[in-house]
Amino acid sequence: MKAELNQRITQVGPGTPGGELLRRYWQPVALLDEFNPALDPAMGVRPVKAVRVLGQDFVLFRNAQGAFGLLDRDCPHRGADLAFGRNEGDGLRCPFHGWKFDVSGQCTETPAEPAGSTLCTRIQQRSYPLIEKAGALFGWFGPEGSTPPPFPALDCFEAPATHSFVFKGLWHCNWLQAFEVGIDPAHASYLHRFFNDASLEGSYGKQFRGASVGEVGGERWPMTKVLREFGQPEISFTQQPYGLQLTALRPMTDALTHVRITNAVFPQTFVIPLSETMTITQMHVPVDDTHNHWFAFFTSFDKPVDKDTMRNQRLDAVTLPDYIPKSGRHNNWGFSAEEQQNRTYLGMGEDDINVHDQWACESMGAIQDRTREHLGTTDKVIMANRRMLLQAMDTVEQGGTPPGIADPAQHASITGPDTVDGIAPTEGWPTWWQDAVRAKRAGAPWQNAAAQAATETAGAK
């Protein structure tokens with residue numbers, strides 16, 4: 001790839017082709033957990049956060065009625081930092097001259113002005129649409145005065161709070177190289193290879209480690225065994241309204257094949273199975289050109305999610321209140337030569353494979369130099385996604401509507417998307433995985449409730 005093309009697909013700031021494209025999609029800006037005083041005691045005193053997204057600075061705050069506001073961070077008076085503003089319950093007041101703003105960005109007071117001044121009625125700080133979904137707050141940063149697209153009806157946003165959980169973390173690298181790891185089906189056989197399999201008991205909430213993919217000869221196989229023993233997946237993809245559906249087949253015997261169906265929801269989200277009944281929908285949100293937050297939404301199609309367990313597992317790996325990982329370049333991502341020799345292919349821990357992905361992404365550098373890469377057959381999805389990204393940038397530059405979940409015309413056709421991770425009969429695996437999806441949805445209490453509600457609504461008409 002030429003250097004100028006690499007620059008085009010990685011820059012996210014205002015006015016850049018990539019930045020203008022990504023601003024047409026809803027972006028998660030914070031977890032609701034970030035306003036929980038039990039996790040961050042400062043929020044009990046002053047629920048205000050500085051937020052940086054797509055190379056821009058914002059202030060996010062909650063008023064006394066529980067409503068959130070997302071505003072440009074520089075005070076429209078003389079540019080002081082509103083992230084240090086006084087949250088007075090009915091608005092955020094700039095300490096410089098006392099100008100006050102409500103959650104809509106309207107200036108409500110300019111106390112230093114002469115009595116009777118109406119200046120405040122003419123001051124409007126830009127505010128950004130916010131939606132609360134699945135335990136996170138999403139902002140939309142498209143052109144001022146334009147209408148956001150409908151919020152996407154993906155499974156992770158349709159499931160009730162009882163069956164969903166969200167977490168996040170900060171990575172020190174460009175968003176695209178992080179996203180490209182998530183849509184690469186081949187890397188898991190190497191980067192996440194364990195030399196020994198863990199018990200299937202007590203593996204709740206952990207990806208790959210201890211998760212079962214089904215039975216072979218009456219024995220339940222952990223995913224780690226499949227990945228270790230079958231390292232040459234047959235990868236294919238199909239175009240979908242939301243982006244790409246990915247299929248990775250690992251032939252095991254003449255009669256059995258491991259089937260893994262995942263998805264790339266354009267432009268920055270992938271949907272993968274965590275287990276036979278839980279999925280992960282992960283979004284990589286640019287902070288700026290050299291940092292990104294991953295937001296992982298876990299959706300259960302079976303029992304309610306044990307949020308305390310999943311939260312505590314992940315809190316061990318980050319420092320609050322900024323969700324910065326404890327492992328990183330500063331400590332070689334926890335690398336152990338002994339572990340690499342005897343227990344794992346990478347040598348960076350057995351409990352949290354997120355560190356494995358973090359190393360792969362961050363070790364490329366803050367922005368991967370794609371002029372030096374040599375792509376192979378297993379990178380066909382990476383290449384297809386880059387073509388989509390460049391085409392979408394061209395579309396937005398030409399005044400068109402970006403594809404997928406940013407296109408209101410596609411909203412009704414984008415649901416799910418479905419994932420599968422299991423052992424299927426080699427003959428007839430396409431039918432097998434469709435049947436597995438139907439069975440999973442049929443067993444989901446919240447799917448049944450939604451279907452029942454839709455039936456009752458239709459019957460009432």
Side-chain angles (χ1 to χ4, degrees), residues 12 18-19 21-36 39-40 43 47-62 67-71 73 127-142 148-159 161 164-171 173-176 178-179 182 242-243 263-272 279-288 291-299 305 307 310-311 314 318 320-325 354 357 361 402 404-406 414 417:
V12 299
L21 172 66
L22 292 170
R23 281 166 172 77
R24 267 59 172 189
Y25 296 82
W26 287 98
Q27 302 285 343
V29 297
L31 305 174
L32 290 181
D33 270 356
E34 294 179 66
F35 286 84
N36 182 352
L39 296 173
D40 182 2
M43 289 294 119
V48 179
K49 288 189 68 70
V51 174
R52 185 167 171 82
V53 184
L54 298 169
Q56 279 186 264
D57 291 312
F58 309 95
V59 60
L60 175 65
F61 70 102
R62 186 179 61 204
F68 286 92
L70 181 66
L71 311 180
R73 190 167 159 183
S127 65
Y128 297 83
L130 281 173
I131 287 181
E132 182 181 323
K133 285 284 185 179
L137 289 164
F138 288 76
W140 191 76
F141 305 97
F151 198 84
L154 305 181
D155 283 335
C156 64
F157 304 133
E158 296 293 289
S164 65
F165 169 72
V166 60
F167 201 77
K168 80 171 194 179
L170 178 71
W171 284 357
C173 65
N174 183 258
W175 76 275
L176 184 58
F179 175 66
Y242 54 80
N263 301 275
V265 179
F266 189 83
Q268 65 203 101
T269 303
F270 59 84
V271 186
I272 60 176
T279 61
I280 303 173
T281 302
Q282 185 154 309
M283 306 181 71
H284 283 276
V285 183
V287 175
D288 49 34
H291 301 81
N292 75 96
H293 278 122
W294 56 265
F295 283 77
F297 298 84
F298 299 81
T299 308
V305 173
K307 295 188 183 187
M310 296 190 75
R311 181 183 293 109
R314 288 157 179 82
V318 300
L320 296 181
D322 297 319
Y323 290 79
I324 297 173
N354 202 44
D357 293 321
C361 298
I405 57 176
I414 297 177

Practice item. Begin from the C-alpha positions of M283 and Y25 and carry the test side-chain contact (heavy atoms from CB on, under 4.5 Å) through to its verdict. Key: CA-CA 11 Å; M283 306 181 71; Y25 296 82; over 6 Å; no

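V51 places a side-chain heavy atom less than 4.5 Å from the side chain of V53. Side-chain contact between L39 and R311: present, with at least one pair of heavy atoms (C-beta onward) separated by less than 4.5 Å.
Of the possible donor and acceptor atoms, one in the side chain of E34 sits under 3.5 Å from a partner among the backbone N and O of L31. Using a distance-only test at 3.5 Å, with no hydrogens or angles considered, a donor-acceptor pair links the side chain of N292 to the main chain of C173. Counting only distance, with no hydrogens or angles, the side chain of K307 and the backbone of A161 share a donor-acceptor pair below 3.5 Å. Within the 3.5 Å criterion, the main-chain N or O of L22 finds a donor-acceptor partner in the side chain of Q27. With hydrogens and angles disregarded, no donor-acceptor distance shorter than 3.5 Å links the side chain of R23 to the backbone of G18. With hydrogens and angles disregarded, no donor-acceptor distance shorter than 3.5 Å links the side chain of W294 to the backbone of V285. Using a distance-only test at 3.5 Å, with no hydrogens or angles considered, no donor-acceptor pair links the side chain of N263 to the main chain of V265.
Annotation: salt bridge (Lys or Arg N to Asp or Glu O under 4.0 Å) contacts of E158 (sequence neighbours excluded): none. For F179, there are no ring pair (Phe, Tyr, Trp, His ring centres under 6.0 Å) partners at least two apart in sequence or on another chain.
A salt bridge does not link D33 to K168: none of the charged nitrogens lies less than 4.0 Å from a carboxylate oxygen.
Ring pair F141/Y128 is tilted by interplanar angle, where 30° to 60° counts as tilted.
If you look at F61 and F68, their ring centroids are not closer than 6.0 Å. In this structure, the ring of H284 has its center less than 6.0 angstrom from the ring center of W171. Here F167 and F297 keep their ring centres 6.0 angstrom or further from each other.
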